[in-house]
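Quick notes on the structure that follows.
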There are 2 protein chains.
Amino acid sequence: MAERRKAFPTTEELRIWRDFIETTEALRSELASRLQSESSLSPSDYAVLLTLREAEGRSLRPSELAARIGWQRSRLSHQIGRMERRGLVRREECATDSRGAEVVLTSDGAEAFRDASLPHLRAVHELFVNPLTPGQLAAAEEITTALRTGLKAPRDT
Amino acid sequence: MAERRKAFPTTEELRIWRDFIETTEALRSELASRLQSESSLSPSDYAVLLTLREAEGRSLRPSELAARIGWQRSRLSHQIGRMERRGLVRREECATDSRGAEVVLTSDGAEAFRDASLPHLRAVHELFVNPLTPGQLAAAEEITTALRTGLKAPRDT
DNA sequence: CCCATATGATTGACGCGTCAACAAAGGAAG
DNA sequence: CTTCCTTTGTTGACGCGTCAATCATATGGG
């Protein structure tokens, strides 16, 4: 007689799930709020600036930028629009492909990133690294891996 | 000589952090997407319906509802507005306090919740409970607790 | 060369969340 | 009763994200 696969969480598992998701959510939100108040950047702004800063010539094609951050092009386009209005970034035409564009980091953008960087790292340390024991940190890594695997498999059952 | 407290994450810790936050984010987003496609409800809709369903008389004052879910009143107000337009919920005047209102679950709302419930639980099981070993699940709970403690303390150091 | 289609990028509509401002009513103190 | 403060709830503006539609340019097949 084959073992029947369980399909639903128990009450206990459900409680753990809710606590887990609410806590990570609160963590994200606290990080975002600190980043915002310390440097007027959103996490999305930060991700874009970070990626551009590490790119050849401090500029990238939108598609490439989106791919590196793991966003859809549409999301990036909106984001760049907002950042351009604030002068963090500039759009230029692409020489080799007339459809294309080039997103360039401005000096204001680079400066904003520099200012945000240390406070941001400090916050990560204070809110994530510090509260966890080394063992818990390692466990967090394992859990991440396991969950990612579960996400990649759009499996039935 | 007192030990100097570390202030910043190492490269390794930073990598774990990024993986962790990205994965939980992807998890949230996948859950939301399934809920949406299976029942046309957002996680926020679901939370409101769930809370109302368990409430005395299937209705609550907005403040109380917001408190139970852990939201700000403003957020709830917007949410209720959208849900009211879709007929999931109804606003009534409050008898005992003329400032106040009462949010009432409609039968459409109750039905939508019933339809969403099982698929949602199945998704939680498939994406969270199933990929983790029992030990990892327990570890997740510990980590949640530790992180929550870190969040509650707006401490220096 | 010409058409079909693929690719790069943007746009608009809409849901979601935060913040700050506000209106309206309750309640306590004089 | 009047004044002041609190509580309840809503609103508007704006950033953020997704989805579907759109447009222009590349590109490969005839």
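Each chain gets a letter, A, B and so on, in the order its sequence line appears, and its residues count up from 1.
Rounded to a whole Å, the CG atom of B:Leu41 is 15 Å from the C1' atom of C:dC16. Atom CG in B:Leu65 sits about 19 Å away from atom P in D:dT7, given to the nearest Å. Going from atom CZ of A:Arg34 over to atom P of C:dT18 covers 17 Å, rounded to whole Å. In this entry the distance linking CD of A:Glu84 with C1' of C:dT11 reads 15 Å, nearest Å. When rounded to the nearest whole Å, the span between CD of A:Glu64 and P of C:dT7 equals 16 Å.
Side chain of A:Arg99, nearest nucleotide from D:dT18, C:dA6, C:dT18: C:dA6. The B:Ser63 side chain lies nearest to D:dT8 when the options are D:dT18, D:dT8, C:dG17. In the set C:dG12, C:dT18, C:dA25, the nucleotide with an atom closest to the side chain of A:Ser74 is C:dG12. Side chain of A:Asp97, nearest nucleotide from C:dG8, C:dT10, D:dT10: C:dG8. Among the nucleotides C:dG17, C:dT10, C:dC16, the one closest to any side-chain atom of B:Asp45 is C:dC16. Closest contact between the side chain of A:Gln79 and the listed nucleotides C:dG26, D:dG17, D:dA13 involves D:dG17.
Residue B:Arg61 places no side-chain N or O under 4.0 Å from the OP1 or OP2 atom of D:dT7. Not one side-chain nitrogen or oxygen of B:Ser77 sits closer than 4.0 Å to the OP1 or OP2 atom of D:dG9. For A:Gln72 and D:dG17, the shortest distance from a side-chain N or O to OP1 or OP2 is not below 4.0 Å. A sub-4.0 Å separation between OP1 or OP2 of D:dT10 and a side-chain N or O of B:Arg91 is present.
If A:Arg86 and A:Ser98 are placed on DNA chain D by their nearest nucleotide, the residue sitting closer to the 5' end is A:Arg86.
The ring-ring contact (aromatic ring centres under 6.0 Å, His included) check on A:Trp71 picks up nothing, with sequence neighbours excluded.
For B:Arg82 and C:dG15, a side-chain-to-base donor-acceptor distance below 3.5 Å is absent, hydrogens and geometry of angles not being considered. Taking only distance into account, the side chain of B:His78 meets the base of D:dG12 through a donor-acceptor pair shorter than 3.5 Å.
At the heavy-atom level, B:Ser44 lies under 4.0 Å from the strands shown only through sugar-phosphate atoms.
The shortest distance between side-chain heavy atoms of B:Gln36 and B:Leu41 does not fall below 4.5 Å. Two residues are said to be in side-chain contact when any heavy atoms from C-beta on lie closer than 4.5 Å; A:Leu127 and A:Arg34 meet this criterion.
A side-chain donor-acceptor contact under 3.5 Å links A:Gln136 to the backbone of A:Thr133. Within the 3.5 Å criterion, the main-chain N or O of A:Gly87 finds a donor-acceptor partner in the side chain of A:Thr106.
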